[in-house]
Each structure stands twice: as C-alpha cells, then as structure tokens.
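The structure appears below as structure tokens.
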Amino acid sequence: MTDEEQVDNKYYAQILSDVALLLQIKGANRYKIRAYQNASRAIGGLNEPVEDVLARDELTDIDGVGKSIASDIAEIKKTGTCQARTDLLDELDPGLLDLLKIQGMGAKKVKTLYDELDIKNIQELKEAAENQKIRELDGFGKKTEEKFLAEIERLESDDGRTPLPSALVLAESFRDELADRDDVERIEIAGSIRRQKETIGDIDLLVASTSDPTPIMDAFTKIAGVSEILVKGEKKTSVRTVQGIQIDLRIVAPEVFGSALHYFTGSKEHHVKLRTRAKRQGMKISEYGVFKDGDPNPVASMTEEDVFSALGLKYIPPELREGFDEIDLALEDDLPELVDMKHIRGDIHMHTIESDGEATILEMAQAAKALGYEYIVLTDHSQVLTVANGMTPKRFARHIEAIREANEQIEDFTILAGIEVDILKDGSLDMDEELLRECDWVVGSVHIHQQLDKDAMTRRLLNAIDTGLISCLGHPTGRILGGRPGYEYDLEEVLQACKDKRVAVEINGSTGRLDFNADHAARAHRVGVKIVLGSDAHSTLGLEAMPFAVGQARRAGLTPKDVLNCLSAKELVASVR
DNA sequence: GCCGTTTTCGGCCCGACTGTTTTCAGTCG
C-alpha cells in the first residue's frame, strides 16, 4: 500500500505483533499474548493515523489498548521500537520470528527447537532437518521433519499473495467442478474472495450436503490442478494447486449453511469481535450456528441473515466484515447501503481499435448495452504512448467525430467522447486544450516517467489537476497488483486538490490493477473526493472487469451517491471539471 | 495485558485435523 497512514499504523501493529509472537515463544501468559495481538489488530484497523490518536492522548480509548500498551506505542513513536520488544529480542533471537512463518510451526515447537537444538532461524532448522536431528525430539517425528523441509523449500520460492481476479478464476473453476454433483446441494466461494479483498492468501469453498462426504472430498482432491493434499478429513480437506495456492473445502449440513458461510467468509478479526460480543450476551457462535448458553440447538443457522438477526444485528455485507467498526454500525442500523452492480449505469474508461483496443466504437457500445449500461465513455490513448498507438490531435479530432456519428446509430444508449490523456512529466497534458474542452470526459493518467521523486510527482499531479481539463485521475497510484508498487506522491495533497478542482478519482477495475484500492478509495471519500469506476477495457470482454471496481468501492463503504457511475450520462459529465 | 448491561476481579472465540501419542497437545483458520 502506498497509503502513508496505513503504512505507519501497520508499522506500529507489526511491533506489537512481534511482542505477541516473542511472548508466545517465551511461553508467557496466553492472555497477555492475546492482549498484544488484539492491540496490534486494533491499531492495524484504525481509520486514522495512530500518531494522531497519540497526539490527542486518546490511545486508551482504542478498544484493546490499555495503559501499558499505550505507553509502548508512545515509545515506538519516540524510538521506533519498545522496551518490551527489545528485552524479548535480547533474551531470544530475531530469527525465531521467521520460524513462525513455517506452516505447522507454532510457538511451542519453536521454543522446543530453540531450547533443545539451539535452532534460531530457518537456515539452522533446515540443517537440523537435513541431518535428521528433529525426529529425535520428544513430540516430533519423521513426518514433522519432512514437512518442515518441504515447507522451507516452498517459502523460499513463494511470491506472496494472489491478485483477486486470478484467484477468482481458479476458485470458480474448482467450484464448477463440484457444483454439478448430485451429492452437492449447494457450493459457494467464501473467504477473502467473497470479501473482495484485493489479494488472496487461500481459497475457501463451502459445500452443503446430506450425503457421505468422502466421495466429495475424493473428487475434490482429484481435480486437475491439485498438486498436493495438505489435510484430508470428513469435514475439511485442504489441497495445494500447481499455482501454489491453497484451497480449503468444508462440507456442512444444509441447515447450517448460513452460519457456516458466515464463518468461512471471515474475516478472523470480524469473528473475534462478534464472538466476544456474543459471549457477553450469553451466546456462542460457531460454524454450526448461534447458540444460547447450555442449549445444544442453535437459535439461528440456516441463513446469514438469521445469524446476524439472532445477534441483534443488521445484515453486514461480506465486504465490510473486516473487524473495523461494522458491528457497531450494524447494531445502530447505520451501515452504508453499498453500491452494487445494479446501480452502475455506465463505464467511463475503455479503449477501441483507435489506439490499443481490439473492438470498434460500435462493438464496444453494443457490448456495454448488452451488459445493461446506459452509456460509455471511449477513452483512447494520447500520442505520447506510441506503444499503445496513441492519437495525435488530428486523429483525436476525427475520432470525436466518429464517436458522434456512432452515437447517432445506436438507440437508447449514449456514447460519450473522451480520452485517456497522458499527464506529462511537468503535469501538462498530452493533447490540444481545445479538443480536451470539446470532448465530454477526460481521464488523466500517468504512464511515462513514473520514477520521479515524491515532490516532483506531487507537483506533476497538482499541475495536471490545476489545468481544469481533467474529469478524473485514471489508475491514480499506478501500481500493478502483485507487481510494481506505484509511484510516490503526497496522496493527501493531491486528494485535496481533486476536491477543490472537482476532479474525480478512478477505481480502475482492470484485473492487473484494482487502482485505487479500497483503502485509497475510503481515504478519498473521507476527503470528499468523488469516485468513478472504470473497467479500462481493451476489448468487449474487458468490460466485465467492472465488478472488481465495484468490489473495491464496496469495501471502501461507498454508496451509490458516492459513485459517479450511478448518475445519468448528462449528470456524470456535469459533475466534474 | 485488557475489560466491564455479573465493573476493580476473574474472566478472555471456536472447532477440525495431524502427528504423536495412547488420550491429547499443537496448529490452523
């Protein structure tokens, strides 16, 4: 994330999490450990910089932060770390934290390995395992040793989380493999995909069935693309695919599908908060339902709505279940009515054969109309992007005419003339001003000179916004999902300028980007900047990336009135510049 | 270490699977 406040909060969260992990290895009181975990999670999920809270002297108002951890946080601000962590690291070893990244390795095992074999890091673990020293320890065996070696090898070649769009494709293919079976009554993709998280750690599938689960589990493990079976039981089976992604399959009875779906959708943080709250009310929540203390029969389990309702809460959409403030909002009936695909009336960012797209103006329009849209904006590239066959002013002038003509040929649909104009190194725009004024919508994007330093990039964007010619900033961070991190600039300053100059910011839904992401979009929204969603389609098929943009908007808590695509074509154009 | 509609003590989310045991601790999500 290029989001500064999140990076800062994440740093604080990490230090506290380190303390929790080191305490675990040391074998400290488990509730003290949990206190540090809770505080770490709370700081990581704050909606404002923790340093602002510190400045107001209100740290202990944060749920999970008491006097002791508040003083740790003050110390981190001053010194970059805290005494608790320093002392633990003196006593233990920093490499032990890495050991915990190994699947199947928890604090107890780390402690045993450290005490018995003086293993302090992954390299030493690898050597001990290769020399078959691990299997001699009490509580360890040959299998554990072999698992460690395999896991170390995997960690060494691992490239992290999977972007949502590719994870979704894989999840859907596995879902579809099982969906047609007679013994599968229902199957849903749960987990972070359902929450529309921009990157995915693993995939969760949930099946409702009344039959013997074994054949379903067998079929699951035999799907083409499974490279390894990690866990296999009657209720839960986990595999790893050739892409290195873990897929978990859970099977439950149909009458508990709602509570199970809620459970497997997560997030963990959401559940911890919800369950703690339920417990105080004398109730228990599990994947099998909501239970009143002592009663083996659930008061709710059939649907997710039932589960929330039994807890006295409004339905919380999956995208908001991150353990931030959604439970309080649901309690007060104050949840945002999230924007949905059904609210989206048009798409503001796409390309045709005029630059680097694969379809004509009319083909794009007809495809968009078939998707139920009322309008599109065609935004081909400007000339500096020669690799993308960018338009010269002359070509753009003709293109505008062609768009106006095409617009006459299609009924009950509006094709707006636009451009994705490059924001040049100094912030000037790569097109004649007159033509930019003539067209309906201007996406301003950075494609070249991405390596400017922070000050220069900030000035560049401010200059571009200052022209008054841009309708929205396209893919505003420039990051490639799972690839390059995006250019550096002062986001707060740029957002403020966008608000002042009535420039919207795009959530670009194209599968490689998701840019802005939900965090950025939420931040823009707080500043009061309007959000607009674009598919950045380069073909008719590319138009189908819009749901990813909607997903990020939903995670950001945006309602239809916050998203310009929910306006008519006329209102859209009038709402900016 | 944190918290309070049982508030200054006595609790702290829940269940599945594995490997190592021979009834369960550890780990994971």
Side-chain angles (χ1 to χ4, degrees), chain A residues 16 19-21 23-25 27-42 59-73 82 84 99-113 134-148 151 190-192 200-206 213 217 229-238 246-252 256 259-260 262-291 293 298 311-312 323 327 331:
Chain A
L16 296 175
V19 173
L21 294 169
L23 284 170
Q24 272 186 62
I25 296 170
N29 177 295
R30 51 193 285 227
Y31 298 112
K32 179 173 175 177
I33 295 164
R34 185 170 303 164
Y36 273 97
Q37 286 170 336
N38 288 341
S40 169
R41 222 168 20 227
L59 284 174
T60 51
D61 289 353
I62 300 170
D63 210 22
V65 177
K67 263 172 109 175
S68 170
I69 291 181
S71 87
D72 287 338
I73 291 170
C82 63
L99 285 177
L100 288 167
K101 291 179 190 152
I102 292 170
Q103 278 230 18
M105 181 81 84
K108 292 275 170 64
K109 283 185 180 155
V110 169
K111 182 167 165 51
T112 306
L113 292 167
I134 309 285
R135 61 180 70 183
E136 294 165 9
L137 296 172
D138 274 354
F140 293 74
K142 189 169 167 231
K143 281 200 168 177
T144 306
E145 188 176 85
E146 286 166 354
K147 258 187 124 169
F148 284 165
E151 181 64 14
S192 44
I200 303 302
D202 58 23
I203 291 170
D204 293 287
L205 294 174
L206 178 66
M217 293 304 192
I229 299 169
L230 302 170
V231 173
K232 194 170 178 204
E234 293 213 320
K235 298 187 161 124
K236 174 186 170 176
T237 294
S238 298
Q246 182 174 330
I247 306 185
D248 297 341
L249 175 66
R250 297 284 301 240
I251 301 178
V252 298
V256 300
S259 46
H262 173 247
Y263 178 71
F264 295 114
T265 296
S267 66
K268 195 174 177 177
E269 291 73 16
H270 171 79
H271 282 302
V272 171
K273 282 199 173 175
L274 203 58
R275 288 172 181 207
T276 306
R277 189 173 169 278
K279 181 135 187 152
R280 277 185 216 134
Q281 298 175 312
M283 301 211 270
K284 183 186 81 167
I285 311 171
S286 79
E287 52 266 58
Y288 301 112
V290 178
F291 299 85
D293 276 352
L311 296 163
I327 294 166
L331 196 61

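Order of the sequence lines fixes the chain letters, A, B, ..., with proteins taken first and strands second; residue numbering starts at 1 for each chain.
Of the options A:D204, A:L206, A:L205, a side chain to side chain contact (heavy atoms under 4.5 Å, CB included) to A:L249 is made by A:L205 and by none of the others.
Listed by first and then second residue, the side chain to side chain donor-acceptor pair (under 3.5 Å) pairs that reach into residues 101-113 of chain A are A:D98-A:K101, A:Q103-A:Q246, A:K111-A:D115, sequence neighbours excluded. For residues 61-72 of chain A, the side chain to side chain donor-acceptor pair (under 3.5 Å) pairs, not counting sequence neighbours, are A:Y36-A:D72.
Residues forming a salt bridge (Lys or Arg N to Asp or Glu O under 4.0 Å) with A:E269 (at least two apart in sequence, or on another chain): none. The ring-ring contact (aromatic ring centres under 6.0 Å, His included) check on A:H271 picks up A:H262, A:Y263, with sequence neighbours excluded.
Annotation: A:E146, atom CD; neighbour count of heavy atoms from other residues, nucleotides and ligands within 6.0 Å is above 12.
Atom name P, nucleotides B:dT6 and B:dG11: the rounded distance is 15 Å, in whole Å. Comparing B:dT21 with B:dG26, their P atoms are spaced 13 Å from each other, to the whole Å. For the C1' atom pair drawn from B:dG15 and B:dG10, the interatomic distance equals 25 Å after rounding to whole Å. As rounded to the nearest Å, B:dC14 and B:dT8 have P atoms that lie 23 Å from one another. Taking atom C1' in both B:dC12 and B:dT7, one finds a spacing of 15 Å when rounded to whole Å.
Within 4.0 Å of A:I33, counting heavy atoms only, lies no atom of the nucleic acid at all. If you check every strand for non-hydrogen atoms under 4.0 Å, A:R30 touches nothing.
For the pair A:S259 (side chain) and A:E287 (backbone), a donor-acceptor distance under 3.5 Å is present. Between the side chain of A:E151 and the backbone N or O of A:I102 there is no donor-acceptor pair closer than 3.5 Å.
Between A:R250 atom CZ and B:dC14 atom C1' there is a gap of 11 Å when expressed in whole angstrom units. Here the P atom of nucleotide B:dC14 and the CE atom of A:M283 are 13 Å apart, to the nearest Å. A:L230 places its CG atom 19 Å from the P atom of B:dA16, with the value rounded to the nearest Å. The CZ atom of A:R277 sits 15 Å away from the P atom of B:dC14 (whole-angstrom rounding). Nucleotide B:dT18 holds its P atom 16 Å from the CZ atom of A:F148, rounded to whole Å.
Pairing partner, B:dT8: none, since no Watson-Crick or wobble contact has both distances short of 3.5 Å.
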Item to complete: Can you check each nucleotide of nucleotides 2-9 of chain B against protein heavy atoms at under 4.0 Å and return B for base, S for sugar-phosphate only, - for none, in 5' to 3' order?
Response: SS------
Response to the item:
Given protein heavy atoms under 4.0 Å, the one-letter contact record of nucleotides 19-29 of chain B, with B base, S sugar-phosphate only and - none, is simply SS-----SSSB
Fill in: Worked check of side-chain contact (heavy atoms from CB on, under 4.5 Å) between A:T276 and A:V272
CA-CA 6 Å; A:T276 306; A:V272 171; 4.1 Å; yes
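Here the CG-CD1 distance, from A:L16 to A:I73, works out to 5.5 Å after rounding to the nearest 0.5 Å.
Closest to the A:V231 side chain, of the nucleotides B:dC17, B:dA16, B:dC12, is B:dC17.
Note on A:K279: a side-chain N or O is less than 4.0 Å away from OP1 or OP2 of B:dC14.
If A:N38 and A:G233 are placed on DNA chain B by their nearest nucleotide, the residue sitting closer to the 5' end is A:N38.
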